[in-house]
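Down below is the structure, laid out as structure tokens.
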Amino acid sequence: NYPGGTKDEREAIFRTAFMALGSWEKHIAGHRADAVLISRINSMTPHQFVGLIGDMIDAGISNVGEGETFFSEMTRRLYAQAA
């Protein structure tokens with residue numbers, strides 16, 4: 001889905017998550033983030049994954065740079081829990 005590609009009511013739904021999904025695609029699917037974090041996210045259930053995207057929306061991710069910061073913080077928390 002690309003912005004402007006659907007009807008207005010559907011567009012509003014997709015627009016909210018577009019940058020969060022784009023950031024996931026670049027950093028997680030593109031293997032730019034920490035390998036342990038990528039593995040953790042890839043093992044999520046669909047319900048957990050939707051929750052992750054919701055967390056990203058709630059955090060106000062509006063570009064991939066903010067997504068990189070979000071995933072870096074997730075990595076930091078992941079390693080802190082393991083310590």
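The chain is numbered in sequence order, starting from 1.
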Expected output: side-chain [X] to main-chain [Y] donor-acceptor under 3.5 Å:
| X | Y | value |
| --- | --- | --- |
| H27 | V64 | yes |
| S39 | A35 | no |
| S43 | R40 | yes |

message = When you group the ILVMFWY residues by side-chain heavy-atom contacts below 4.5 Å and let the links chain together, are I38 and I53 in the same group?
response =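 They do share one cluster, since a chain of ILVMFWY contacts under 4.5 Å joins I53 to I38.
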inquiry  = With a 4.5 Å cut-off on side-chain heavy-atom distances among I, L, V, M, F, W and Y, is there a chain of contacts connecting I57 to L52?
reply    =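 As far as the 4.5 Å side-chain criterion goes, L52 and I57 are connected within one cluster.
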message = Among residues at least two apart in sequence or on other chains, which ones pass ring pair (Phe, Tyr, Trp, His ring centres under 6.0 Å) with F49?
response =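 Applying ring pair (Phe, Tyr, Trp, His ring centres under 6.0 Å) to F49 gives W24.
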task = Sequence neighbours left out, what pairs pass salt bridge (charged side-chain N to carboxylate O under 4.0 Å, His left out) with at least one residue falling in residues 17-33?
result =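 Listed once each, the pairs would be none.
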task = Output all residues satisfying salt bridge (Lys or Arg N to Asp or Glu O under 4.0 Å) with R76, sequence neighbours left out; order by chain, then residue number.
result =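 Here the qualifying residues are E73.
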inquiry  = Tell me which pairs pass side chain to side chain donor-acceptor pair (under 3.5 Å) where either residue lies in residues 46-65, with sequence neighbours left out.
reply    =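 Residue pairs with at least one partner in residues 46-65: T45-Q48, S62-E66.
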Atom [atom1] in [X], atom [atom2] in [Y]: separation rounded to 0.5 Å?
| X | Y | atom1 | atom2 | value |
| --- | --- | --- | --- | --- |
| S23 | E68 | OG | CD | 8.0 Å |
| L21 | I28 | CG | CD1 | 12.0 Å |
| L37 | T75 | CG | OG1 | 4.0 Å |

request  = Taking all heavy atoms of I61 and all of M19, pick out the closest pair and write down the distance.
outcome  =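 In this case the closest contact between I61 and M19 is O-CB, 3.9 Å.
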task = Determine which pairs satisfy ring-ring contact (aromatic ring centres under 6.0 Å, His included) with at least one residue from residues 51-81, sequence neighbours left out, and list them in order.
result =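 Non-adjacent pairs meeting ring-ring contact (aromatic ring centres under 6.0 Å, His included): zero.
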